[in-house]
Amino acid sequence: MNSVTTETPAGRSAAARTPASLREVMSQFATGVTVLSVGGESIHGMTANAFTSVSLDPPTVLVSIAHSAVMYQAITAAGHFGVSIMEAGQEGLARFFADKKRPLGPAQFTGVDWTKGERTGAPLLAGALAWLECEVTEAYDSGDHTLFIGTVADAGLGDRGAGGLLFYDGAFQRLTPRVR
């Protein structure tokens, strides 16, 4: 026989009342790791895990960017962005593009192996599991972030043998690929 309880789960009282508590709660949701990029005059890269597929028809994705991030201005100015879905062994690159002290502009791509996207000119990182090039079609402000909706203009797969890079419990994790 199943029983129903009216007790609240342990720790529930801390949920989402402050940015720090929301960050702690959300750390329990494992996410993939991407590097977003914009090419051209606003060239910039940024590690992000606030990325998701929205629609298959038309192919559409969403990225959530803080208004204070350099990437917010870069995407707004360019009207497009690239997404490199990071492979398990690319933690170093993910950390580099997450470091607010790294060089900005073209200098941040010095020594990084990348290809210029054919549709947007966005830097697409070599070794990524997959990549997308997207045209911004909608943008919605929500609190201190903007949700950019991008229609996929082009996409491709890299070598999927190494597994994916995840972010969970405040740290990078490696996902072992399934045997095919």
Novice: Which value, rounded to the nearest 0.5 Å, describes the distance between T60 atom OG1 and L62 atom CG?
Specialist: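 Those atoms lie 10.0 Å apart.
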Novice: So do I65 and M46 actually touch side chain to side chain, heavy atoms under 4.5 Å?
Specialist: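 The answer is yes, as the side chains (C-beta and beyond) meet within the 4.5 Å cut-off.
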Novice: Yes or no on side chain to side chain contact (heavy atoms under 4.5 Å, CB included) for L104 and H44, after CA distance, side-chain angles and deciding distance?
Specialist: CA-CA 7 Å; L104 295 179; H44 187 64; 3.7 Å; yes
Novice: CD/E138 to CZ/F148 distance, rounded to the nearest 0.5 angstrom?
Specialist: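 It comes to 12.5 Å.
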Novice: Using the side chain to side chain contact (heavy atoms under 4.5 Å, CB included) rule, take V136 and H80 through it: C-alpha gap first, then chi angles, then the decisive distance, then the call.
Specialist: CA-CA 5 Å; V136 175; H80 56 76; 5.6 Å; no
Novice: Once rounded to the nearest 0.5 Å, what's the spacing between atom CH2 of W131 and atom OG1 of T34?
Specialist: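 Result: 15.0 Å between the selected atoms.
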Novice: How about F97 and F109: are their ring centres within less than 6.0 Å of each other?
Specialist: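 Ring centroids of F97 and F109 are less than 6.0 Å from each other.
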Novice: With side chain to side chain contact (heavy atoms under 4.5 Å, CB included) as the test, would you mind laying out the steps for L36 and M71 before giving the verdict?
Specialist: CA-CA 8 Å; L36 304 178; M71 184 58 77; 4.1 Å; yes
Novice: To the nearest 0.5 Å, how far apart are OH in Y72 and OG1 in T146?
Specialist: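 Going from the OH atom of Y72 to the OG1 atom of T146 covers 4.0 Å.
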Novice: Same cluster for I85 and L166 if Ile/Leu/Val/Met/Phe/Trp/Tyr side chains link at under 4.5 Å?
Specialist: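 Different hydrophobic clusters.
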Novice: For side-chain hydrogen bond (donor to acceptor under 3.5 Å, both in side chains), just list the numbers for T151 and E135, CA-CA rounded to whole Å, side-chain angles, deciding distance to a tenth of an Å, and then say yes or no.
Specialist: CA-CA 5 Å; T151 298; E135 299 290 339; over 6 Å; no
Novice: Let me confirm one number: the CD-CG distance from E133 to L124, rounded to the nearest 0.5 Å.
Specialist: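 Those atoms lie 5.0 Å apart.
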Novice: To the closest 0.5 Å, what do you measure between CG (L93) and CG (D113)?
Specialist: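 Reported to 0.5 Å precision, the distance equals 9.0 Å.
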